[in-house]
Amino acid sequence: MAYNEQLLNRIRESLMHLPNVYEKYMFGGVCFMVNDKMCVGIAADELMCRIDPEKAEEAFSKKGTRLMDFTGRIMKGYVFVSMDAIRQNKDFEYWINLCLDYNPKAKKSKKKS
């Protein structure tokens, strides 16, 4: 699956000042891992955000959002955000900051052996 390179570069630029950040190819796109936890990424032309499930209602009230149902089942604490909803830098930064705010509280995935 192809993904939007321009959006990928925006994410890179917004995270490059942080320590412990790396890219991982998954979900047919690219995820940015922060402190070894999935934080934010891109799938096709959408921003994929890992957010605090307690803030989901507020997040889904924003335009251009939808549940992350990548495998046909809803993934709690994840949201897709359309390109139209993040054209403005302040909107893009809102989502990046929401992801980064949740990252310290997020659980790490279990490593597969």
Side-chain angles (χ1 to χ4, degrees):
M1 179 185 289
Y3 46 85
N4 185 306
E5 290 285 339
Q6 183 181 4
L7 178 55
L8 180 65
N9 287 329
R10 281 180 82 188
I11 299 168
R12 279 182 183 136
E13 288 175 17
S14 70
L15 300 177
M16 66 188 231
H17 68 283
L18 299 172
N20 304 316
V21 175
Y22 61 94
E23 297 176 28
K24 188 171 185 176
Y25 294 86
M26 56 190 339
F27 299 114
V30 180
C31 285
F32 287 81
M33 308 294 285
V34 177
N35 298 318
D36 292 321
K37 297 180 262 184
M38 189 185 321
C39 183
V40 63
I42 181 174
D45 281 339
E46 293 180 297
L47 187 67
M48 181 179 60
C49 299
R50 185 177 188 189
I51 63 170
D52 188 336
E54 292 181 13
K55 296 194 177 197
E57 188 174 326
E58 174 189 336
F60 289 117
S61 72
K62 303 270 185 198
K63 70 175 185 164
T65 59
R66 69 181 180 93
L67 291 170
M68 185 170 163
D69 58 351
F70 192 77
T71 60
R73 70 180 181 100
I74 295 170
M75 296 180 70
K76 187 177 178 183
Y78 292 85
V79 60
F80 280 130
V81 183
S82 72
M83 288 291 291
D84 288 337
I86 55 172
R87 292 214 190 278
Q88 301 291 320
N89 279 337
K90 67 178 178 70
D91 297 323
F92 176 76
E93 290 170 9
Y94 166 83
W95 289 105
I96 295 296
N97 289 329
L98 198 60
C99 295
L100 290 172
D101 288 348
Y102 180 60
N103 187 263
K105 297 183 262 180
K107 293 182 181 176
K108 286 185 181 182
S109 297
K110 293 179 183 174
K111 299 245 182 200
K112 293 182 181 178
S113 54

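Nothing here was measured: the structure is a model prediction, and the numbers come from that model.
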Discussion item. I'd like to know whether Asn89 forms a side-chain contact (heavy atoms from CB on, under 4.5 Å) with Arg10, so could you lay out the CA-CA distance, the side-chain angles of the two residues, the decisive distance to 0.1 Å, and finally the verdict.
Written reply: CA-CA 10 Å; Asn89 279 337; Arg10 281 180 82 188; 3.3 Å; yes

Shortest non-hydrogen contact between [X] and [Y], atoms and distance:
{"X": "Arg66", "Y": "Asp69", "value": "NH1-OD1, 3.2 Å"}
{"X": "Leu67", "Y": "Phe80", "value": "O-CD1, 3.9 Å"}
{"X": "Glu46", "Y": "Ser82", "value": "CG-CA, 4.4 Å"}
{"X": "Met38", "Y": "Met48", "value": "SD-CE, 4.4 Å"}
{"X": "Tyr3", "Y": "Tyr25", "value": "OH-CE2, 3.3 Å"}
{"X": "Asn4", "Y": "Met83", "value": "ND2-CE, 3.7 Å"}

When you group the ILVMFWY residues by side-chain heavy-atom contacts below 4.5 Å and let the links chain together, are Met16 and Ile11 in the same group?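 Cluster IDs for Ile11 and Met16 differ.
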
Pairs meeting criterion salt bridge (charged side-chain N to carboxylate O under 4.0 Å, His left out) with involvement of residues 12-26, two or more places apart
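Checked against salt bridge (charged side-chain N to carboxylate O under 4.0 Å, His left out) - neighbours excluded - the pairs reaching residues 12-26 are Arg12-Glu23.
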
(Q) To the nearest 0.5 Å, what is the distance between CZ on Arg73 and CE on Met75? (A)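 Here the rounded value is 6.0 Å.
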
Return the OH to CG distance between Tyr22 and Asp36, rounded to the nearest 0.5 Å.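 Rounded to the nearest 0.5 Å, the OH-CG separation comes to 4.0 Å.
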
### Query
Heavy-atom distance under 4.5 Å between the side chains of Leu47 and Val40, does that happen here?
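A side-chain contact under 4.5 Å exists here.
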
Check against side-chain contact (heavy atoms from CB on, under 4.5 Å), Leu98 and Cys49:
CA-CA 8 Å; Leu98 198 60; Cys49 299; over 6 Å; no

Run the side-chain donor-acceptor check on residues 90-97: report pairs under 3.5 Å with partners two or more places apart or on a different chain.
residue, atom, partner, partner atom, Å
Tyr94, OH, Glu58, OE2, 3.1
Asn97, ND2, Glu93, O, 3.1

Cut-off 3.5 Å, no hydrogens considered: what does the side-chain donor-acceptor table look like for residues 99-107, sequence neighbours left out?
residue, atom, partner, partner atom, Å
Asn103, ND2, Val34, O, 3.2
Lys105, NZ, Asp52, OD2, 3.2

